[in-house]
2 protein chains.
Amino acid sequence: MPRRPGPGPRRPTIADIAQRAGVSKGSVSYALNGNPGLSEPTRRRILAIAEEVGWQPNRAARALSASRSGACGLALARPARTLAYEPFFSKLLSGIEAELSSNQIALVLQIVEDVGAEAEALRRWWAERRVDGVLLVDLRVDDPRVAVVQELDLPTVVVGGPGATHGLPFFPGNDAGGVRQIVDHLVGLGHTRIDRVAGSTAFASTQVRTREFRQALARSGARGRTISTDYTSAAGAEATRRFLTRAPVPTAIVYDSDIMAVAGLSTAQEMGVAVPGELAVVSFDDSILCEVVRPSLTACARDVEAYGARAARALVAVIEGEQVAFGDEEPSSLVCRGSTVA
Amino acid sequence: MPRRPGPGPRRPTIADIAQRAGVSKGSVSYALNGNPGLSEPTRRRILAIAEEVGWQPNRAARALSASRSGACGLALARPARTLAYEPFFSKLLSGIEAELSSNQIALVLQIVEDVGAEAEALRRWWAERRVDGVLLVDLRVDDPRVAVVQELDLPTVVVGGPGATHGLPFFPGNDAGGVRQIVDHLVGLGHTRIDRVAGSTAFASTQVRTREFRQALARSGARGRTISTDYTSAAGAEATRRFLTRAPVPTAIVYDSDIMAVAGLSTAQEMGVAVPGELAVVSFDDSILCEVVRPSLTACARDVEAYGARAARALVAVIEGEQVAFGDEEPSSLVCRGSTVA
DNA sequence: TGCGCGTACTTTACCGGTAAAGCGATCAGC
DNA sequence: GCTGATCGCTTTACCGGTAAAGTACGCGCA
């Protein structure tokens, strides 16, 4: 790689500061890091000059010296098409980013096609010392990424879980609690036939929801079926059609994502099924989508940004070598809208 | 910063390879970079060992030596709340990321509150040598970021424009062409009263659209008003109500974003205005939202991922010191759906 | 025989930080 | 008056790459 310092203004280094202050590089480093061993006047003089010239540490130099990159990685194993439509990721990203940048840590993002590619990205980041730690989202059943981070001893926090975490610190979403809230709400309204359009069974979170859904129904004496999908609106519409045309016809359908819920709502309306009169519709994830359609959709809301921030904070702690307790389940609250109550 | 090499497996360095190959560090560097001055057998031996141990260059070391970080920055000056609801950003991000990672360049992302904070982030990145170049999105009228990148001589490509770019290379969206397509479509359907719910006037793109909207109307003999908003669904609903209750009542409304269009659609329906019977609705940005509502929304579609990739490619070229031609306007096509034609 | 020159390396310095070790000067203690 | 600790700073080495400069050796040729 050729040297290309560029013609722009020069960035000050500690050597520049040292020269201006009439001391050595080492003294400047001590002053800037607050290490003892310098007289107060000298320290103040150095800091004043550093401030004046607007010195900022060269990240590469610091990273090289400290064997720390000052960055965390987030590889999203999601086809772009899916990513784009899920406000969840944007919010999560934003929460993570806010927390990391308040710690002066950069976020390195990579969007890849599948978990295999994500595992490769993790290995490369590790080998290049690009990141000090990583966040794993959307844990799969038998996820190959878990083995990779354990083999490399790469500081990791799982966003999601439990299940398949193999001892990694994790922050469960609101899967179990959310399902309970939704079922309780519907049962409270008198529904006894509640079907569910689920996401992919490959996700650990889907399995948690499915188990909890079955238990919640059993507890309350209601009954219902589950169809697993790929989260697309087409699949949501198709599953809705299936439920509504095959006995026993449900009086409520729960969807694992907002996109599918909206698609289901449209499908029901096209089939002449009145919502909420004949059919109650609930989305698991809340979003603006749920608000703008008519009727608006009852959904299970959580503070996704805070969730991302909590996970990022835990990752920082793990990188610092602290023992991190596994997180409690994310609190959520059911937002009741027109799709379940008139 | 204390040394924390961690207990995990050791990453191989060129010194390790040199030792195993029985040559000096310098020779290894030559071999790995394909520099001349090594015999074929030696070169092959070194490369074989590097391959075997899975060597990857330490990014920090390379960055320090080459005065290049191997990363590009994208600071999004958007409140998280707005960001989350716009599929545009997710897609753009994904296109940018794909292009950069195929060039082994990392994307450093920062989400900040406003352009002032973004300008600060640019300065910090520059001072820390965190990034080799940046992408600017959502250019504002009189944008402070432009002055900063010019002062620092930071390689930059503007995603959007023209207007306010002050000589920076830019890639205009489909603002002018999109507006023309929409107006032509509506005029072709016989509409002569076309109102528009615009985004914020602070954005250069809004100004381009507003100018073009006026001209397109004038050319075709139609008339219409424009209300500027903050892109929220509430503002979209409110503007719709205003248009529909004040003469001259429009027969078509164009919205600058999908969220506002959906909000407008719901508002019109609640007011008892039939869509598309009494009112045609068009969204400027296409997205899954436009597809799932009923009636589905006519919108102006473009390949946002390709757009992001093109801009990223241009940024890489700028960083390499190449002269980059300003981009042509992004092609777009009108997707006609139920909200304008029955 | 010796000079020049290309080949195939090695040595060295450098990027900009961090941190251990070194080193005069001052000062307390016996 | 000498020892030894402490202070306040400098020197040095190191992180892992890159690249210029240096060197040993073989070979052609006058």
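Each chain gets a letter, A, B and so on, in the order its sequence line appears, and its residues count up from 1. Model, not experiment: these values are computed from the prediction.
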- Under 4.0 Å protein heavy-atom contact, by nucleotide of nucleotides 6-12 of chain D - B base, S sugar-phosphate only: --BBBB-
Mind calculating the distance between [atom1] ([X]) and [atom2] ([N]) to the nearest angstrom?
X        : N      : atom1 : atom2 : value
B:Gln56  : D:dG16 : CD    : P     : 15 Å
B:Arg130 : C:dG17 : CZ    : P     : 14 Å
B:Leu64  : D:dC15 : CG    : C1'   : 9 Å
A:Ile14  : C:dA19 : CD1   : C1'   : 11 Å
A:Asn33  : C:dA19 : CG    : C1'   : 10 Å
A:Leu32  : C:dA19 : CG    : P     : 12 Å

Phosphate-side-chain proximity, [X] and [N], N/O vs OP1/OP2 below 4.0 Å:
X       : N      : result
A:Arg62 : C:dG16 : no
B:Trp55 : D:dG17 : yes
A:Asn35 : C:dT18 : no
B:Asn58 : D:dC15 : no

- Which nucleotide in the list D:dT18, C:dG16, D:dG16 gets nearest to the side chain of B:Ser29?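 Ranking D:dT18, C:dG16, D:dG16 by closest atom to the B:Ser29 side chain puts D:dT18 first.
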Partners of [X] by side-chain hydrogen bond (donor to acceptor under 3.5 Å, both in side chains), sequence neighbours excluded?
X        : answer
A:Glu128 : B:Arg59
B:Arg313 : B:Glu99
A:Arg130 : none
B:Arg140 : none

- Listed partners of B:Phe171 passing ring pair (Phe, Tyr, Trp, His ring centres under 6.0 Å), at least two apart: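 None.
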- Message: If the condition is ring pair (Phe, Tyr, Trp, His ring centres under 6.0 Å), which residues does A:Tyr307 pass it with, not counting sequence neighbours?
- Response: none
- Item | Partner set under side-chain contact (heavy atoms from CB on, under 4.5 Å) for B:Ala147, not counting sequence neighbours | none
- Message: Under the rule for side-chain contact (heavy atoms from CB on, under 4.5 Å), what residues qualify as partners of B:Ala317, not counting sequence neighbours?
- Response: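 In terms of side-chain contact (heavy atoms from CB on, under 4.5 Å), with neighbours along the sequence ignored, B:Ala317 is linked to B:Glu322, B:Val324.
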- Note the angle between the end axes of the helix from C:dT1-D:dA30 to C:dC30-D:dG1, five pairs defining each, rounded to 10 degrees. 80°
- Task: Before accepting this row, confirm whether a basic side-chain N of the pair B:Glu305/B:Arg310 lies closer than 4.0 Å to the acidic partner's carboxylate O.
- Result: no
- The salt bridge (Lys or Arg N to Asp or Glu O under 4.0 Å) partners of B:Arg43 (sequence neighbours excluded) come to B:Glu40
- Query: Can you name the one residue among B:Leu315, B:Asn103, B:Val131 that meets side chain to side chain contact (heavy atoms under 4.5 Å, CB included) with B:Cys72?
  - Reply: B:Leu315
- Task: Check the surroundings of atom CD in A:Gln19: do more than 12 heavy atoms from other residues, nucleotides or ligands lie under 6.0 Å from it?
- Result: no
- Item | Any donor-acceptor N/O pair under 3.5 Å between C:dG17 base and A:Ser65 side chain | yes
Detail all sub-3.5 Å separations between protein N/O atoms and N/O atoms belonging to nucleotides 22-27 of chain D.
none

